[in-house]
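What follows is a set of notes on a single structure, which appears directly below.
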Amino acid sequence: MAVEQAKSGRFIDNLGKVYALYTLGFLAFFAFMAILERMGMGAQAIGIGFLIFTISIYAIIGWLSRTAEVDAYYVAGREVPALYNGMATAADWMSGASFVALAGGVYFGGYPYLGFIVGWTGGYVLVNSLLAPYLRKFGCYTVPDFIGTRYGGNTARLCAVVVLVVASFTYVTAQINATGTIAAQTLGIPFELGVWLGLAGIFICSMLGGMRGVTWTQVAQYIVLIIAYLVPIIWMSNKQGFGIVPHFSYGDAVGRIAELEAMYGLAPAAEAIPGVSVLTTPQNAPTGQGWAMVSLAICMMAGTASLPHILMRYFTTPSVRSARRSVGWSLTFIFLLYFSAPALATLTKLQLLDPNLATSIIGKSFEDVANLEWIKHWSSVGMLAVADQNGDGILQLNEFFMRPDIVVLATPEIAGLPYVISGLVAAGGLAAAMSTADGLLLAIANALSHDLYYKIIDPKADTARRLIVARILLIFIGAAGAVVASLKLTGILGAVAWAFDFACSGLFFPLVLGVWWKRANTAGAIAGMIGGFVAGSWYLYMVYNGLMEPWWGIDHIRFGIIGMPVSLVCMVVVSLLTPAPSKEIQDMVDEVRIPSGKPILASHH
């Protein structure tokens with residue numbers, strides 16, 4: 001064990017050099033693939049090269065991070081510096097929804113999608129001010145670990161495990177869906193096989209090293225995904241004359257798009273073509289402004305502060321101060337991508353509309369457009385379609401149909417960039433989906449192995465048995481996620497929104513009041529978790545299946561607005577009607593809110 005700690009210490013001391021060399025190596029590989037493309041290497045070979053190279057690197061990191069220590073497996077030994085924990089958290093956060101689906105949603109849906117961006121970034125203010133530093137001071141391994149210890153008793157712990165599993169499993173199916181989509185498109189294989197190949201890569205990263213392996217892999221994945229996201233934006237912006245940093249200047253592009261859309265007008269209704277118009281309508285898309293956008297942002301903010309796979313990232317820092325600083329770094333790294341998503345959507349749309357650009361297709365000959373390589377490629381897999389509805393031989397605005405989830409992946413081809421950029425973007429999308437899936441699967445497996453198996457079923461289990469159980473559960477949960485993902489029950493953003501709603505409905509107030517209200521007790525926490533979760537789930541079922549009309553314009557992707565008030569009322573009322581927690585528990589809550597001092601729980605508990 002001492003040797004392992006010494007190795008870990010040397011690695012921690014040299015993190016800057018290690019990841020600088022990794023970044024340079026990745027850029028060198030990118031340059032090498034660009035040279036091979038110039039020499040005639042095919043598009044599929046380049047895509048396969050990117051996937052094999054990046055997954056191999058992640059696998060090596062996962063193998064080198066293998067551990068048999070409980071502390072290292074659950075919380076990475078609590079030795080992750082704030083900067084790198086911020087990068088790992090950003091990668092954990094930059095899911096397939098953020099990388100693959102968000103820009104496509106903005107492309108087709110526009111303003112309403114800002115509710116996601118505002119909520120997902122603003123949620124970190126809640127994380128920093130209400131929870132992360134205090135949960136780190138508590139010293140727990142998992143979110144149910146905090147609930148079970150703070151409120152006492154196995155019932156509260158079990159309720160937290162149920163909410164965690166439902167929310168995280170809903171989320172992880174969307175990420176496995178994204179890995180399957182990317183693997184299938186890059187390797188030219190069926191989606192169902194791509195799902196299982198993506199899952200295999202996820203297992204490699206998290207199986208042996210637990211949180212330690214996932215952490216160092218996620219730092220590497222963030223570097224890949226942010227490079228992959230920014231390079232096409234910078235390239236397109238430079239070609240279109242907006243400079244290499246378009247984030248503050250693409251307003252002119254928005255005006256140009258509005259002008260072009262007015263000039264082109266619309267052809268007859270897209271509904272005239274059965275099964276095609278659905279491509280441009282994101283599943284579970286947010287609609288409306290005002291209250292609709294505010295309610296979506298509230299759900300996403302509270303969900304961010306309730307998601308166990310995010311909160312557990314702050315258990316890995318050396319101190320309370322590091323936990324607080326790492327939240328700031330997390331938000332900085334996340335902001336880089338979210339600030340860029342509207343720019344990418346805008347510049348990509350201009351590439352298709354502006355007749356002054358060689359890549360434009362609207363207003364061009366229908367026959368010429370239908371024969372473009374990228375049109376044929378994405379049409380062949382059912383992700384895109386063109387249809388000459390009025391028979392005039394010219395492609396009109398609403399005669400072009402594209403699934404929103406492929407906007408980011410297809411952007412390099414749309415913009416006429418070298419295919420090496422497409423390979424880079426595919427590698428970035430895979431990194432985003434894999435990093436989030438790693439964190440989610442680990443959150444589920446750790447909660448089941450530590451809180452359900454060790455704390456409730458077999459408290460005498462030794463370290464080896466606990467880690468074996470965690471790894472077995474990881475396999476079964478991942479396989480179940482792959483099966484559900486292959487069914488394509490919902491869109492990526494829709495599944496993610498549901499996960500946030502489940503989390504905030506059941507966990508937000510029990511977590512927040514557990515830190516900030518000493519009077520909150522066991523019965524109140526149980527009532528809050530069950531009441532909020534059941535109310536939110538019932539509302540989702542009724543509205544999604546059309547069994548009742550939405551209340552106050554709250555659709556099924558905002559059902560946390562129903563679940564959270566029910567959770568709060570149940571928790572407060574039941575807590576006040578039942579005996580207060582013991583003085584020991586109340587003193588413990590006071591101690592949690594003091595930044596300095598030792599953690600409440602022992603390092604091995």
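The first residue of the sequence shown is numbered 1, and numbering continues consecutively from there. Side chains included, hydrogens not; waters and symmetry mates left out as well; all remaining heavy atoms used.
Nearest heavy atom pair, residue L230 against residue S340, reads CD2-OG, 3.3 Å. Heavy atoms only, all atoms of each residue included: V420 and I46 are closest at CA-CG2, 4.1 Å. Pairing each heavy atom of T54 with each of A427, the nearest pair is CG2-CB, 4.1 Å. When all heavy atoms of Q218 and A88 are compared, the pair lying nearest together is OE1-O, 3.4 Å.
Ring orientation note: the planes of W120 and F116 are tilted relative to one another, at an angle of 30° to 60°. Ring geometry for F50 against F29 counts as perpendicular: the plane angle is over 60°, on a 0 to 90° scale with 30° as the lower cut.
Under the 4.5 Å side-chain criterion, counting only non-hydrogen atoms from C-beta, R313 is in contact with T215. Taking 4.5 Å as the limit, every side-chain heavy atom of H309 sits out of range of all side-chain heavy atoms of V172. Residues I223 and F26 fail the side-chain proximity criterion, which asks for heavy atoms closer than 4.5 Å. Considering only heavy atoms from C-beta on, Y338 comes within 4.5 Å of M94 through its side chain. R256 places a side-chain heavy atom less than 4.5 Å from the side chain of N356. In this structure the side chain of I361 never reaches within 4.5 angstrom of the side chain of I414, judged on heavy atoms.
Under a 3.5 Å cut-off, the side chain of Y84 and the backbone N or O of G16 do form a donor-acceptor pair. Looking at Y222, its side chain does come within 3.5 Å of a backbone N or O of F333 through a donor-acceptor pair. Checking side-chain atoms of D354 against main-chain N and O of S360 turns up no donor-acceptor pair under 3.5 Å. Side-chain N or O atoms of S237 include one that pairs as donor or acceptor with a backbone N or O of G243 at under 3.5 Å. No donor-acceptor pair closer than 3.5 Å links the side chain of S168 to the backbone N or O of V165. For S422 (side chain) and P412 (main-chain N/O), no donor-acceptor pair under 3.5 Å exists by modelled atom type. T436 contributes no side-chain N or O that, together with a main-chain N or O of A433, makes up a donor-acceptor pair within less than 3.5 Å. No side-chain donor-acceptor contact under 3.5 Å links T316 to the backbone of M312. Side chain of T170 to main chain of A499: no donor-acceptor pair is present (N/O by atom type, distance under 3.5 Å, no hydrogens or angles). At least one donor-acceptor pair closer than 3.5 Å links the side chain of Q240 to the backbone N or O of L347.
The aromatic ring centres of W216 and Y22 sit 6.0 Å or more apart. Within the 6.0 Å centre-distance limit, the rings of W93 and F500 are counted as a close aromatic pair.
Applying ring-ring contact (aromatic ring centres under 6.0 Å, His included) to W498 and the options Y544, Y171, F169 leaves one that passes, Y544.
In the displayed structure, F339 atom CZ is contacted under 6.0 Å by more than 12 heavy atoms of other residues, nucleotides or ligands. In this structure, L24 places its CG atom where more than 12 heavy-atom neighbours from other residues, nucleotides or ligands lie under 6.0 Å away. For CH2 of W196, the number of neighbouring non-hydrogen atoms (other residues, nucleotides, ligands) closer than 6.0 Å is greater than 12.
With sequence neighbours excluded, the residues forming a side chain to side chain contact (heavy atoms under 4.5 Å, CB included) with N371 are E367, listed by chain and number.
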